[in-house]
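Keep in mind that what you see is a predicted model, and the values were worked out from it rather than measured. Order of listing sets the numbers, starting from 1, for every ligand and every atom in it.
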Amino acid sequence: MNGSTSRAAQVSMNALGKLFGDKRALDDVSIDVEPGTFLVLLGPSGSGKTTLLRCLAGIERPSNGTITIGGNVVAGPKTFVPPERRGLAMVFQDYALWPHLSVRKNVAYPLATSSLAKSERSKRCDDLLERVGISHLGGRFPNELSGGEQQRVALARALAADVGLILFDEPLSNLDADRREQLRIEIATLTREAGATALYITHDQSEAFALADQIGVLNQGRLVQFDTPENIYRHPTTAFVARFTGVSGEFPVKVLSEKGGSRVVVALPFASSHTIEASSIERLEPHADVSLFVRASGVSLGPPANDEGVRGVIRDVAFNGRGYDHVVDVGEGFSLTKIFAPLRFDRGRNVKVCFDSSACFVMDPTREVSQ
Ligand code: ATP
């Protein structure tokens with residue numbers, strides 16, 4: 001969260017629902033966003049992210065529930081405030097710049113109605129172009145820019161509006177990996193500097209973890225978890241959230257014993273003599289059939305002579321710049337993916353695989369909704 005939150009809007013969605021015919025695109029979604037929060041809504045295709053953002057923007061009318069922005073009800077049973085009166089700006093996936101206006105005029109567009117003197121408007125426009133790194137492109141038209149440059153113009157235009165809420169609709173999805181990373185950092189820092197509340201939708205979990213103060217995970221129109229990135233990673237409340245936010249492996253296991261404090265001991269299906277401790281969000285009786293989910297951060301590799309760990313064979317290794325990501329076969333047809341090591345373990349090599357119990361959790365694999 002940012003220190004300068006004087007302008008930042010508080011946003012509340014209460015029991016929000018949206019029906020398209022008999023298709024329920026949003027189902028009873030309630031979220032309170034504190035001023036200055038960078039909230040990322042994460043979910044697979046069709047989970048309702050765009051619908052929720054469009055309801056907030058005023059492009060779509062909710063079927064049920066209310067939306068409050070900065071203390072004003074903007075959508076409710078008897079209220080519908082149009083987009084231009086909601087005090088928000090939006091950055092779209094496809095940039096949505098005015099094609100007939102130069103970069104400078106696109107950025108200056110929201111300033112046209114401001115009370116600033118002409119010279120101040122011009123200064124603010126220069127400042128914004130500078131901040132998003134495109135001062136040299138002010139005279140060009142959108143069709144003379146790359147995708148990344150166009151999205152920088154869109155970001156500058158959103159910041160120029162000087163509003164308390166900025167909505168981002170998958171703004172990086174049309175950019176290549178290199179530009180995506182650079183612009184992600186600009187979005188994170190400039191939005192926070194502006195002191196606005198941000199609501200950003202994406203289906204990319206790494207983008208969500210990198211940007212968010214809070215993450216809301218959507219599945220089939222429902223909000224299935226709302227928490228900090230750290231808690232979502234360390235304590236997913238459903239199998240869906242665990243899978244969608246990335247696991248190294250998922251295995252069917254039986255609970256051997258309960259340790260108390262939400263911890264259980266399970267036997268690994270590929271090394272039955274090897275037990276590991278895992279956390280559970282619900283009370284589980286011994287003999288319960290559940291799934292063990294392992295985050296990549298909780299798996300490490302060592303030489304085969306190590307006393308600790310279970311036996312594995314490297315199936316694949318990929319250089320990722322900082323080190324190596326490995327895929328390891330652990331027997332009985334099971335494998336673990338994305339296991340990081342600073343040094344390379346070659347394909348076919350025998351290794352020992354160690355599990356850190358803090359990154360292991362057991363859950364009912366079919367449960368999609370938290371209890
Ligand atoms: P994506 O990441 O693919 O954009 P999303 O999470 O943004 O997906 P939405 O676009 O909000 O999902 O769609 C949610 C559900 O509502 C989907 O099943 C979609 O087919 C449906 N839907 C969205 N808009 C309409 C519409 N105008 N008419 C009918 N159904 C719609």
Side-chain angles (χ1 to χ4, degrees), residues 11-31 33 38-67 69 74-76 80 82-83 86 88-96 147 150-151 154-155 158 165-177 179-181 183-184 187 197-212 214-227 229 232 236-246 368-370:
V11 179
S12 290
M13 289 158 262
N14 187 21
L16 207 58
K18 177 68 188 175
L19 278 169
F20 291 109
D22 57 0
K23 169 77 200 172
R24 198 171 283 281
L26 285 179
D27 188 1
D28 198 21
V29 173
S30 296
I31 304 178
V33 193
F38 202 115
L39 169 65
V40 177
L41 290 171
L42 173 69
S45 182
S47 58
K49 306 179 298 291
T50 309
T51 305
L52 192 145
L53 204 74
R54 288 165 65 87
C55 285
L56 264 176
I59 303 166
E60 208 75 74
R61 204 182 268 259
S63 311
N64 313 90
T66 53
I67 301 173
I69 298 176
V74 294
F80 187 77
R86 292 193 176 197
L88 54 83
M90 197 154 164
V91 178
F92 297 88
Q93 189 172 342
D94 57 0
Y95 324 127
Q150 289 186 62
Q151 203 53 301
L155 176 61
L165 175 62
I166 305 181
L167 308 180
F168 294 92
D169 179 6
E170 306 224 26
L172 306 181
S173 58
N174 289 340
L175 308 180
D176 60 44
R179 291 228 166 81
R180 219 166 29 226
E181 176 67 8
L183 196 56
R184 179 188 65 65
I187 287 175
T197 303
L199 206 140
Y200 184 110
I201 63 170
T202 181
H203 59 270
D204 180 330
Q205 46 106 351
S206 61
E207 207 172 295
F209 282 128
L211 278 166
Q214 298 273 321
I215 295 177
V217 185
L218 288 171
N219 186 25
Q220 297 178 0
R222 302 185 70 179
L223 182 72
V224 289
Q225 191 165 358
F226 181 75
D227 213 327
I232 295 225
T237 53
T238 65
F240 169 81
V241 174
R243 289 185 193 116
F244 195 67
T245 51
E368 303 224 319
V369 179
S370 41

Please tell me if the side chains of Ile69 and Leu88 come closer than 4.5 Å, counting only heavy atoms from C-beta onward. yes
Is there a donor-acceptor contact under 3.5 Å from the side chain of Gln151 to the main chain of Pro171? yes
Are Leu211 and Thr202 packed together at the side-chain level, in the sense that at least one heavy-atom pair is separated by less than 4.5 angstrom? no
Has ligand 1 got any nitrogen or oxygen that is less than 3.5 angstrom from a nitrogen or oxygen of His203? no
Spatial distance of atom CD (Glu181) from atom CG (Leu175) [nearest 0.5 Å]: 12.0 Å
Nearest 0.5 angstrom please: Thr50 OG1 to Gln93 CD, how far? 7.5 Å
Just need the protein heavy atom nearest to atom 13 (O) of ligand 1, so name the residue and atom and give the distance. Thr51 OG1, 3.8 Å
For atom 14 (C) of ligand 1, the protein heavy atom that lies nearest, with its residue and separation: Gly46 O, 3.5 Å
Check contact between Gly221 and ligand 1, using heavy atoms of the residue and a distance below 4.0 angstrom. no
min-distance protein heavy atom vs atom 12 (O) of ligand 1 -> Gly48 N, 3.2 Å
For ligand 1, is there an atom lying under 4.0 Å from some heavy atom of Glu170? yes
Parallel, tilted or perpendicular: which one describes the rings of Phe38 and Phe168, with boundaries at 30° and 60°? parallel
Output the list of atoms in ligand 1 that are nearer than 4.0 Å to some heavy atom of Pro44, sorted by atom number. 6 (O)
Among all protein heavy atoms, pick the one closest to atom 4 (O) of ligand 1 and tell me residue, atom and distance. Thr50 OG1, 3.4 Å
Atom 20 (O) of ligand 1 touched by protein heavy atom at under 4.0 Å: no
Work out which heavy atom in Val40 is nearest to a heavy atom in Ala208; give both atom names and the distance. CG1-CB, 3.6 Å
Contact with ligand 1 for Lys23, non-hydrogen, under 4.0 angstrom: yes
The closest protein heavy-atom partner of atom 3 (O) of ligand 1 is Ser45 OG, 2.6 Å
So for Gly43, does at least one of its heavy atoms come nearer than 4.0 angstrom to any atom of ligand 1? no
Can you tell me the protein heavy atom closest to atom 2 (O) of ligand 1 and the distance? Lys49 NZ, 2.9 Å
Pairwise distance CG(Leu53) to CG(Leu167) - rounded to 0.5 angstrom: 5.0 Å
Protein contact of atom 22 (N) of ligand 1 - nearest heavy atom, named by residue and atom, plus distance: Phe20 CD1, 3.5 Å
Nearest-neighbour protein heavy atom for atom 16 (O) of ligand 1, which is reported as residue plus atom name and distance: Ala25 CB, 3.3 Å
Working to the nearest 0.5 Å, report the span between CG of Asn64 and CG of Asn14. 11.0 Å
